[in-house]
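Structure first, then comments.
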Number of protein chains: 2
Amino acid sequence: MTDELTQLRQRFIERGGQITQSIGIGRVIGQSFAHIYFSPEPQTLDDLTEALQISKGSASMSVRQLEQWGAVRQVWIKGERKDHYQANDDFGRIIRRALLDLIGRRMETTDTLLEDSEAYIKRSKTSSPDPESKFMQQRIKKLRHFRDRAQYIWDSSVLRLLLK
Amino acid sequence: MTDELTQLRQRFIERGGQITQSIGIGRVIGQSFAHIYFSPEPQTLDDLTEALQISKGSASMSVRQLEQWGAVRQVWIKGERKDHYQANDDFGRIIRRALLDLIGRRMETTDTLLEDSEAYIKRSKTSSPDPESKFMQQRIKKLRHFRDRAQYIWDSSVLRLLLK
DNA sequence: TAATACGTTCAATATGGATTGAATATTGCG
DNA sequence: CGCAATATTCAATCCATATTGAACGTATTA
């Protein structure tokens, strides 16, 4: 491979790491994917530790995460005992799965609080309406509406757009 | 305010902090917004430092960020020297601005690398096509296509969906 | 203009979460 | 089965970055 190509490749790996780092999922994941994506031959964990100067643990964990998002897949090479991985190039599917995972995780855990709040509102409908309580009820309602709409948009549109 | 309401409010603040922390923009921003959002009266920086037990610097910085995203606005209260802030409840607009800011920031810096790569491809069209170079060219092309589509989707759809 | 009250900045520090690597589990092979 | 090679786990460590707070800047009042 020419020097220039090697250099470009190196820059892609670096940038991949910067991107994943900046979105808060760690530098190694981006580096690992970039390395595999720009390797003509399927790569092993040892290839990763050597090329990226990372630990065995990091290599193992990053590849597993990438596999879960469908960003890489394992391929069998006869006569070899190590696991070999090659990159998927359908970025739409990859991003979709990753977002589903990362954002979905977050939406789950917020609900009980809103439910508790609505339960409170329902109960307090009967009692005297002091102004502060009124205010809180308004705000909670607004928040609930937004949450519902966000959920709807998320479910119905964003995924389809990114998928293909 | 009733005990129960106070408790709910506290939980919203905590959760706000968890959310912003988990997306990598710091706990204080989420806490600050939640506190202001659930306050009937406009709040000062000192209110924030006291309620959230954070430093003056943190309060100042978080409020400024929130202001930049249109999540809070300053209101004048006659006879008061401190700045007072109240929350905007149009979450669509807030999220839109924040995403524009956070994601836009990232898209900018990625381009020169792709441009350099395409320049290389153009130049190497004439020279002998060794297999590795061929492979790299394919991968770069795929990446470029994805980047363009992502840009298009981002520009044309996502923002409009979230806006209203 | 000085004195005071408040907001902002940024170098220093604390903290959360990414990374490591030795210990452990698993897999492939004779 | 037992051995060797490879992969995974997770407590300890490290590091990026969020947070702090003293110093500085700015606005208001008398």
Side-chain angles (χ1 to χ4, degrees), chain A residues 13-33 35-36 42-68 72-85 98 101-102 105-106, chain B residues 13-36 42-69 72-85 98 101-102 105-106:
Chain A
I13 290 170
E14 206 172 316
R15 184 132 283 279
Q18 287 167 355
I19 290 172
T20 50
Q21 173 121 273
S22 82
I23 64 175
I25 57 174
R27 173 180 42 90
V28 172
I29 287 194
Q31 288 180 310
S32 295
F33 179 74
H35 172 82
I36 298 173
Q43 297 294 101
T44 67
L45 294 185
D46 282 343
D47 291 336
L48 284 173
T49 62
E50 196 180 340
L52 308 177
Q53 297 283 66
I54 59 178
S55 72
K56 239 167 163 270
S58 266
S60 174
M61 287 167 122
S62 72
V63 164
R64 186 129 59 86
Q65 182 64 85
L66 289 171
E67 219 178 359
Q68 232 148 21
V72 303
R73 60 176 156 275
Q74 205 174 328
V75 293
W76 286 99
I77 296 191
K78 63 178 180 187
E80 292 270 357
R81 292 180 59 175
K82 295 179 182 178
D83 297 345
H84 291 248
Y85 297 91
D101 184 32
L102 293 171
R105 255 212 271 284
R106 264 138 211 167
Chain B
I13 290 170
E14 205 172 316
R15 184 131 282 279
Q18 287 167 355
I19 290 172
T20 50
Q21 172 120 275
S22 81
I23 64 175
I25 57 174
R27 174 179 40 90
V28 172
I29 287 193
Q31 287 180 312
S32 296
F33 179 73
H35 172 82
I36 298 173
Q43 297 294 102
T44 67
L45 293 186
D46 282 342
D47 291 335
L48 283 173
T49 62
E50 195 180 341
L52 307 177
Q53 297 282 67
I54 59 178
S55 72
K56 227 158 174 276
S58 267
S60 174
M61 288 166 122
S62 72
V63 164
R64 185 130 59 85
Q65 183 63 89
L66 288 171
E67 218 177 1
Q68 233 149 18
W69 292 337
V72 303
R73 60 177 155 274
Q74 206 174 328
V75 294
W76 286 98
I77 296 192
K78 64 179 179 186
E80 293 270 355
R81 290 179 61 175
K82 297 178 181 179
D83 297 345
H84 291 246
Y85 298 91
D101 184 34
L102 293 171
R105 255 212 271 284
R106 262 138 211 168

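Predicted model only: the values in this text are computed from it and were never measured. Per chain, numbering begins at 1; letters A, B, ... match sequence-line order.
- When the C1' atom of D:dC14 is taken as reference, atom CD1 of A:Ile54 falls 16 Å away, rounded to whole Å.
- Between the P atom of D:dG21 and the CD atom of B:Gln53 lies a distance of 11 Å, rounded to the nearest Å.
- In this structure, the side chain of A:Thr49 engages the main chain of A:Asp46 through a donor-acceptor pair within 3.5 Å.
- Distance CG (B:Asp47) to P (C:dC6): 12 Å, rounded to an integer number of Å.
- As a whole-Å value, the separation of B:Ile77 CD1 from C:dC6 P is 14 Å.
- Interatomic distance, A:Arg15 CZ to A:Thr20 OG1, rounded to the nearest 0.5 Å: 11.0 Å.
- For the pair A:Gln65/A:Met61, no side-chain contact is recorded, criterion being any heavy-atom separation below 4.5 Å from C-beta on.
- For the residue pair A:Val28 and A:Ser62, the shortest heavy atom distance occurs at CG1-CB, 3.8 Å.
- Judged by distance alone, the side chain of A:Asp101 and the main-chain N or O of A:Ala98 form no donor-acceptor pair under 3.5 Å.
- Counting any heavy atom pair closer than 4.0 Å across all strands shown, B:Asp83 reaches sugar-phosphate atoms only and no base atom.
- Taking atom CD of residue B:Gln65 and atom C1' of nucleotide C:dT8, one finds them 15 Å apart after rounding to whole Å.
- Atom P of nucleotide C:dA18 and atom CD of A:Gln18 are separated by 18 Å, given to the nearest angstrom.
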Next item on the list: Determine, for nucleotides 21-30 of chain C in 5'-to-3' order, which nucleotides have protein heavy atoms under 4.0 Å from the base (write B), from only the sugar-phosphate (write S), or from neither (write -).
Entry: B-----BB--
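- More than 12 heavy atoms of other residues, nucleotides or ligands lie within 6.0 Å of CD in A:Gln74, so this atom counts as buried by the packing criterion.
- Mapping A:Gln31 and B:Lys82 onto DNA chain C via the closest heavy atom, the residue that lands nearer the 5' end is B:Lys82.
- Within a 6.0 Å sphere centred on CD of A:Gln18, heavy atoms belonging to other residues, nucleotides or ligands number more than 12.
- Within the 4.5 Å cutoff, the side chain of B:Leu66 has heavy atoms near those of the B:Ile29 side chain.
- Within residues 22-30 of chain B, no residue has any heavy atom under 4.0 Å from DNA chain C.
- Across the protein-nucleic acid pair, A:Leu52 atom CG and C:dA18 atom P stand 18 Å apart, rounded to whole Å.
- For A:Leu45, taking side-chain heavy atoms from C-beta onward, the closest of the listed nucleotides C:dT20, D:dT20, D:dA7 is D:dA7.
- Taking the side-chain hydrogen bond (donor to acceptor under 3.5 Å, both in side chains) definition, one finds that B:Lys56 meets it with nothing, sequence neighbours left out.
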